[in-house]
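Read the structure below first, then the notes.
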Amino acid sequence: MKKLLILSLIAVLFYACGDSSSKEKDYKDKSLSIDERVDALLPLMSTEEKVAQMRIFHANIGAKPRRKWKFKII
């Protein structure tokens, strides 16, 4: 029974560590359209990464650019 469990765990590990490099290259391929690149990238992102992207977008809505200088530079 232990051998079967160990073999099944090893099989799962090999399956999980399979060749995913082709999926990762799709979103970096500049010959694809933006929609195709987004469709390739979204499944690779975690929920936390997607939420962080949405928070960055919503944080900038209505934001006015800050003036860095109080005086005009001549």
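Keep in mind it's a predicted model, so treat the numbers as computed, not measured. Note that the numbering runs from 1 along the sequence shown for the chain.
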Legend entry - Which residues share a side-chain contact (heavy atoms from CB on, under 4.5 Å) with Thr47, sequence neighbours left out: Val51
Inset, instruction - Report the residues that fulfil side-chain hydrogen bond (donor to acceptor under 3.5 Å, both in side chains) with Ser31, sequence neighbours left out, ordered by chain and then residue number. - result: Asp29
Inset, instruction - Find the distance between CG (Leu32) and CG (Asp39) and round it off to the nearest 0.5 Å. - result: 10.5 Å
Legend entry - Value rounded to 0.5 Å, distance of CD1 in Ile34 from CG in Leu41: 12.5 Å
Legend entry - Main-chain N/O of Lys50 paired with Gln53 side-chain donor or acceptor, under 3.5 Å: no
Inset, instruction - Identify the two heavy atoms, one from Lys30 and one from Arg37, that lie closest to each other, and give their separation to 0.1 Å. - result: CA-NH1, 4.1 Å
